[in-house]
Q: 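This is the structure I want to talk about, given as structure tokens.
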Amino acid sequence: MKKFFIGTTNPNKIREIGGILRSTGCEFEPIGTVDPEETEDNFEGNAIIKALAYAKASRGITISEDSGILIPSLNNLPGPWSARFSDCKLEKENGIYRILEYHESALSREDIDRKNNELVLDLMKDVPFSKRVAKFCVILIVANERGNILFKASGESTGWISTEMHGMNGFGYDPIFVGGDTHGKTYAELDNMRKNLRSHRKKVLDEFKAWLGFYLKK
Ligand code: IMP
């Protein structure tokens, strides 16, 4: 069986990526032994940093991604700061939010996810429904140990931000993100299969699967 690696320290991403790629018949082994610093201010730059670092560590072909949520009424924040938004100090000038500083806290992933959601809901407490649109974005990069980027793709899923948290499934911003086609349910109210049918991650991994078919035939 052909073996690839998934470069991430996030167990939720491992579960989702592994589930979506099960049908390929290939083995995807998580490699979370490195946690490179994400120094870029955009998803693609950070995805490349991660892919190259993880591929070097795994010594094999490795898929890695950088993802997050963009909320236009918050000046497209949290964006690349999605994972640690509540560790950021914000400034609002002329109605526009900007990140002033960032100090990493020692909170667990679950606690920081909850605080991130609380912060977004608080910042948006006076934002009317018509301005609550949001989208998840992901950039997926496949790299090899020699530092070559073999494949790149981007995916999005559009929806809106609820006024309260709902649901226990998923991770990150799922409890406050209502999909455009989920009949008012947040992603955290969907089971894994239903989230994986429509998510940004599913879209980008479908493209990856098409590339994989080509790659394995070479
Ligand atoms: P990364 O590890 O820097 O790519 O962090 C991505 C962050 O974006 C996660 O920690 C989540 O907060 C958020 N995020 C990315 N994808 C999803 C998703 O599918 N659902 C909910 N939140 C997500």
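Counting convention: from 1, in listed order, for ligands and their atoms alike. Only this structure's heavy atoms are used, side chains among them; waters, hydrogens and symmetry mates stay out. Keep in mind that this is a model prediction, so the values were computed, not measured.
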Q: Could you give all pairs that pass the salt bridge (Lys or Arg N to Asp or Glu O under 4.0 Å) test and reach residues 157-174, with sequence neighbours left out?
A: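 Listed by first then second residue: Asp174-Lys195.
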Q: If the criterion is any heavy atom closer than 4.0 Å to an atom of ligand 1, which residues make the list?
A: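 Residues near ligand 1: Lys13, Glu38, Lys50, Asp66, Ser67, Gly68, Ser82, Ala83, Phe136, Phe171, Gly172, Tyr173, Asp174, Lys195, His200, Arg201.
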Q: Is there a donor-acceptor pair closer than 3.5 Å between any side-chain N or O of Asn46 and the backbone N or O of Glu40?
A: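 Pair found, side chain donor or acceptor close to backbone of Glu40.
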Q: Run the side-chain contact (heavy atoms from CB on, under 4.5 Å) test against Lys209 and tell me which residues pass, sequence neighbours left out.
A: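 Scan of Lys209 (side-chain contact (heavy atoms from CB on, under 4.5 Å), adjacent residues dropped) gives Ile20, Leu21, Ser23, Thr24, Asp206.
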Q: Quick one: salt bridge (Lys or Arg N to Asp or Glu O under 4.0 Å) pairs with a partner in residues 136-155, sequence neighbours left out?
A: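 Residue pairs with at least one partner in residues 136-155: Glu44-Lys152.
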Q: Quick one: CD1 on Ile48 to CD1 on Ile149, what's the gap to the nearest 0.5 Å?
A: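 Rounded to the nearest 0.5 Å, the CD1-CD1 separation comes out at 4.0 Å.
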Q: Between the main-chain N or O of Val138 and the side-chain N or O of Ser67, is there a donor-acceptor pair closer than 3.5 Å?
A: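 A pair under 3.5 Å: no.
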